[in-house]
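Reviewing the structure listed below.
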Amino acid sequence: MIVTRFAPSPTGYLHLGHAFAALTAAKSGDRFLLRIEDIDRARCRPEYEAAILEDLAWLGLRWEKPVLRQSKRAQVYREALERLAPFTYRCFCTRKDILSAAGAPHGDEGPLYPGTCRNLREERDAPCAIRLDAAKAAAHVGPLTFEERGRTVRVDPFRLGDVVIARKELPAAYHLAAVVDDACQGVTLVTRGEDLLASTHVQRLLQALLGLPAPAYAHHRLIVDAQGRKFSKREASGTLRSLREEGLTASEIRAKIAL
Ligand code: GLU
């Protein structure tokens with residue numbers, strides 16, 4: 001029994017790229033689940049969530065109930081964070097501090113965290129983020145792999161550096177919430193865009209630290225527009241709503257993305 005999921009964040013309307021991701025997830029498994037990644041309340045809007053459900057149904061997708069909403073799961077994330085405490089540290093750096101740190105090495109998503117707060121001793125009463133100490137974590141769990149479309153990939157625990165896994169105002173950041181929820185939902189195959197391949201390395205590490213089962217992965221290509229650019233939620237063009245208003249049918253959308 002293959003269990004897949006689609007996990008959009010309600011920060012905008014779904015576009016063709018999302019349609020491709022959702023349809024790929026649905027056709028790759030026997031059971032298809034939905035998860036609303038609305039943990040960052042400041043960026044999410046209820047009308048986008050309603051639009052997501054409406055657009056997916058219009059596309060002809062059906063998912064199992066209940067829909068998991070990350071905004072309701074703060075307590076579960078806090079417990080996971082506590083269990084990770086031996087492998088985490090508090091970080092007080094601003095984005096600017098990180099960008100200006102001399103010689104910060106670069107990763108898939110910009111500069112890797114240079115480790116400024118890793119060995120901080122003093123207590124400070126200031127907003128902070130919680131980071132995973134990748135070296136400590138890797139030493140604890142030993143070598144890891146994940147399955148990518150039947151191929152075994154060796155995990156690089158340093159691929160994204162010491163990632164943020166929680167912030168003062170957020171009980172969990174994306175990586176932590178995603179692994180806790182994939183396990184809770186019993187997802188056995190994570191299908192998502194290849195832009196998230198680097199994330200899988202750190203997520204596999206978190207799974208091992210938390211003793212969670214490792215799903216298989218299938219990272220798919222990204223759909224691009226006529227200019228070869230990825231679709232973005234910031235642009236109205238290519239949203240499923242605008243295409244629907246132009247008169248396109250769900251089967252025409254499927255044909256457009258060759259599904
Ligand atoms: N919420 C993420 C996004 O919208 C997807 C995360 C995932 O599939 O793991 O990009």
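In listed order, ligands and their atoms are each counted from 1.
Partners of Y48 according to the ring pair (Phe, Tyr, Trp, His ring centres under 6.0 Å) rule, which considers only residues two or more places apart in sequence or in another chain, are Y13. Here A50 pairs with nothing under the side-chain contact (heavy atoms from CB on, under 4.5 Å) rule; sequence neighbours left out.
Salt bridge present: R5 and D182 bring a charged side-chain N and a carboxylate O closer than 4.0 Å. E54 and R241 are joined by a salt bridge, as a carboxylate oxygen and a charged side-chain nitrogen come within less than 4.0 angstrom of each other.
Heavy-atom contacts of R192 reach the following atoms of ligand 1: 7 (C), 8 (O), 9 (O) (cutoff under 4.0 Å). Counting the atoms of ligand 1 from 1 in the order shown, those under 4.0 Å from a heavy atom of Y174 are 6 (C), 7 (C), 9 (O). Residue-ligand proximity, E37 to ligand 1, at heavy-atom distances under 4.0 Å covers atoms 1 (N), 2 (C), 5 (C), 6 (C). Every atom of ligand 1 is numbered from 1 in the order shown, and the set under 4.0 Å from a heavy atom of R5 is 7 (C), 8 (O), 9 (O).
Close N/O approach between P8 and ligand 1 is not found [any backbone or side-chain N/O within under 3.5 Å].
Remark: side-chain polar atoms of E37 are not paired, donor with acceptor, to backbone N or O of Y174 under 3.5 angstrom.
Under 4.0 Å from ligand 1, not a single heavy atom of A178 appears.
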